[in-house]
Every structure is written in structure tokens, then in C-alpha cells.
2 protein chains.
Amino acid sequence: MRADARKNRDHLLAVAGTALTEQGIDVSMRDIARRADVGLATLLRHFPTREALLEALLRTNFDELTARAGELAETSSPPEDALVSWVRDCVAWTTEYRGVTVLMAAAIADIDSALHASCVTLRAAGARLLTRAQAAGTARSDLDGDDLFALVAMLAWLGDQPALAPRADHLFDVIANAILTGTGSADTETR
Amino acid sequence: MRADARKNRDHLLAVAGTALTEQGIDVSMRDIARRADVGLATLLRHFPTREALLEALLRTNFDELTARAGELAETSSPPEDALVSWVRDCVAWTTEYRGVTVLMAAAIADIDSALHASCVTLRAAGARLLTRAQAAGTARSDLDGDDLFALVAMLAWLGDQPALAPRADHLFDVIANAILTGTGSADTETR
DNA sequence: ACCTGAACACCGTTCAAGT
DNA sequence: ACCTGAACACCGTTCAAGT
């Protein structure tokens, strides 16, 4: 990449970051280009879709969350605490980018989305923590990585809705509790 | 209202109904007008916003759900069964109108939304069933009408996301179970 | 190589002009 | 009273033309 292009790209990412956190995930691409004093077509040449822009912007966050899952899996703390703590981190992170949850929910099933790989990695990281807690007998045995991803998405979505957000913390506890309720009540309920 | 206007209105509602179920809640108002062979401005004069159109269209559904809550509160079936059954009905209904959940979540806090009153009524209906189950000691005591509304919204939203929908039924059971887990585990968890 | 203005097909809002 | 075309300010996509 040419030096001027690289500089342009970095500048676009910086501007996009503030625009997205301020206005939410739905800011118009035109707006971002305007803020960066750049033609719309230039922005789109660097990042052909909103997903591509987000992928570049959120890569760090995704990597951090994945790394954190790895650390938590190594520690000696109880597996169920590690799991809940990680889920909490995931949900908390999304509040920074209002509306990102819907894009992630779409990306996990869309091979062509620029966010697809990151979402799949995230799901796998969660699945490992979940399996570990299940092996210890402290998480419901009838959940898998897809379920956990969906539960995280639901909680993140909740925080995105201004009218429902006040209940987000409380319902986080309720659902975390449900995940950890153990296999006993799960068995009686699924059959 | 003049007879021709009434006829126009009914026709618009019929067309909008099929358009919304087919394409989801985000169909363009222009599209609906086109389908109805009517100017866009005419559609907007009858229904100035998307919410207004939905309010007219979904009034019947809202009324049915509210009425059903009333019936369930009267029956001799266990209060917890009534509650879960009603929540299931609510969630199932929203699958017919893809995307309606986000609008409802916004409307419950927006006095000016045409959907506000219907959402408030729905929340109250759910709260009554919840209170009844709590009085019987079969639902978590630390939930209120807002929590229940949010939980229903989360489950409805889940069904709206194609990638997550396959888990919707299973997670419905998980969350229904969490609502009914009783006050015991709730107490240990909230303090 | 990289950038950009402009044309395009869309959207919802608004209103003056028609019947 | 009720309807409507048209102008408006937006959006993301696409591409020929510039440096």
C-alpha cells in the first residue's frame, strides 16, 4: 500500500471510530467521509461495506475478547465464574457500539460478511469456557456454543434498546443464573 | 370519513398487511403505496408514520393477546402455566411481522409513538399474570412487568434473526425455566 | 496506484395544485 | 374533503475521468 493511502486509511479509521461511537452503527457512510474530508468513493474504496469498516475497527476488540477467554480458561478460578465473567465482558463491550449486535448476528451466518470470521472465533472462545463449566457440572448441559452466542447477543441487544436498557443488568443476572442453574433442572425441563 | 376515503383506507391496510408479512417491517412506504396503486402522499395522509400504520394493522393482535391474558388469569390452570403459555403466544405472534420487536421496544418508552398505548397495555397484561404466579410462589419474586416485557422482546428478537432463530425454541425453554425457577435461587443470587 | 465528482436508483417529508 | 405529482434532502452503488 502506498504511503499516502495508508495515511488516508488510518485517518478514516480514526474518524469512523468516533463517528460510530457517537452516532451508533447506522451513521451514513457519507457522513463518515464528510467528517474525514474525503470523497465518499474514497471511503468505499478502502472499506467497500460497513462490515468491512467495522471489521478493521473492531479487530482489536475481538482479539482482546478471544485472548481473555484463553486467559480465563487457564486460571484456577471456578469455571462457572470464568464463563460468566467473560459473557459479562462481551456484553459490556458492545455497549460502546450501539447497534453492532444486529450486524454480528447476521455475520455469524453469512460467510461473505467481513465480520464472519471474527464472530466465529468469538463463538468458539465462548464454547470452550462453556464446555469447561459443563465438565465441572456447573453449567446447563443442554447448551452449546450457538446457544451461548445467542444469549450474549440477546443481552447485548437489550442494552442497545434505550427503553429496555435499565433492566439489562438485572436480566443479565437472571440469565447468567439460568446458564449456571446446573444440569438437574435442565433435565427435568427438556424431557 | 367519506366513503371513498374509508374504502381507500381499508384497501391500504389490506395491501400493507401482505407487504409487511412478506417483506418484513422495513418495507418502504413507497412500495406499499405502489402495491396499492395509490400515490405515496395518500398513504402518508392516512398513516403519517410507519408506527401509525402498524397500530391500525396490529390493533386486533394486541387486543387478542390482552384478552387472552385476561382469560388465562381466570382459568383454574396453574398460574405458572398460564404465564408461560401467554409469553409463548406473544413471542409466536411477533414472528409474523419480522422486525416489529425493535419498534415495540422503542414505542414502550415513546409517548408520542402510535404504538405506545398498545405496548403499555400488553405490558400490564403480562404483569398481572406474573404477579399471580409470584403470589403462588412459582415465579421469581425479583421480576416485574418491565422485566417480563424485556424478556419477551429478547425472545421475539431472537426469532427475528435468521442466524439465531434455530435456537429460539430451546432458549425459550431455558428462559421460561429461569422465570419459574422460583424465589429460592433468586434470593441467593441477588444478594 | 490512488482519488473523486457525478449520475443513478432509492428513501421519507412536505406542499402547492388538482378534483 | 380527499387525492396526487413534484420538489427536496437524504442514502449507498457504480464508474469514467483525473492526478
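To find a chain, count down the sequence lines: A is the first, B the second, and so on, and within it residues start at 1.
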- Message: Using side chain to side chain contact (heavy atoms under 4.5 Å, CB included), reason through A:Y97 and A:L103 one step at a time and then give a plain yes or no.
- Response: CA-CA 11 Å; A:Y97 296 93; A:L103 285 184; over 6 Å; no
- Does anyone know the first and last nucleotide of DNA chain D in reach of chain B, 5' to 3', at under 4.0 angstrom to a heavy atom? D:dA1 to D:dG5
- Pairs involving residues 22-31 of chain A, ordered by first then second residue, that meet salt bridge (charged side-chain N to carboxylate O under 4.0 Å, His left out) (sequence neighbours left out): A:E22-A:R35, A:D31-A:R34
- Task: Working to the nearest 0.5 Å, report the span between CG of B:L143 and CG of A:L171.
- Result: 7.0 Å
- Message: At a heavy-atom distance below 4.0 Å, what parts of residues 29-51 of chain A sit against DNA chain C?
- Response: A:G39, A:A41, A:T42, A:R45, A:H46
Return all side-chain donor-acceptor pairs below 3.5 angstrom for residues 65-72 of chain B, not counting sequence neighbours, or 'none' if the list is empty.
{"residue": "B:T66", "atom": "OG1", "partner": "B:F62", "partner atom": "O", "Å": "2.9"}
{"residue": "B:R68", "atom": "NE", "partner": "B:D89", "partner atom": "OD2", "Å": "2.5"}
{"residue": "B:R68", "atom": "NH2", "partner": "B:S85", "partner atom": "OG", "Å": "3.3"}

- Message: Defining pairs by Watson-Crick or G-U wobble geometry with both distances under 3.5 Å, how would you list the stems of DNA chain D with at least three pairs each?
- Response: C:4-8 with D:12-16, C:12-16 with D:4-8
- Ion pair B:D147/B:R140, N-O distance below 4.0 Å: no
- Message: Filter on salt bridge (charged side-chain N to carboxylate O under 4.0 Å, His left out), then keep only pairs touching residues 107-127 of chain B, sequence neighbours left out; what's left?
- Response: B:R123-B:D146
- Message: Test of understanding: with side chain to side chain contact (heavy atoms under 4.5 Å, CB included), list the residues that count as partners of A:A127, not counting sequence neighbours.
- Response: none
- Task: Look at atom CG of A:D63 and say whether more than 12 heavy atoms of other residues, nucleotides or ligands are closer to it than 6.0 Å.
- Result: yes
- Item | Sidechain-backbone polar pair: A:T21 side chain, A:G17 backbone, donor-acceptor under 3.5 Å | yes
- Message: To the closest 0.5 Å, what do you measure between CG (B:L148) and CG (B:L83)?
- Response: 6.0 Å
- Query: Among pairs that include at least one residue of residues 16-36 of chain B, which meet ring-ring contact (aromatic ring centres under 6.0 Å, His included), considering only residues two or more places apart or in two chains?
  - Reply: none
- Would you say A:F172 and A:L158 make side-chain contact, with heavy atoms under 4.5 Å? no
- Message: Any residue in residues 5-13 of chain A with a heavy atom nearer than 4.0 angstrom to DNA chain C? Just list them by number, or reply none.
- Response: A:A5, A:N8
- Query: Which value, rounded to the nearest 0.5 Å, describes the distance between B:Q134 atom CD and B:D142 atom CG?
  - Reply: 8.0 Å
- Item | Positions of residues 103-119 of chain B (non-hydrogen atom under 4.0 Å from DNA chain C), listed by number | none
- Item | Any pair counted as ring-ring contact (aromatic ring centres under 6.0 Å, His included), so long as it reaches residues 109-150 of chain A, sequence neighbours left out | none
- Query: Under the side chain to side chain donor-acceptor pair (under 3.5 Å) rule, what pairs show up with a residue in residues 10-19 of chain B, not counting sequence neighbours?
  - Reply: none
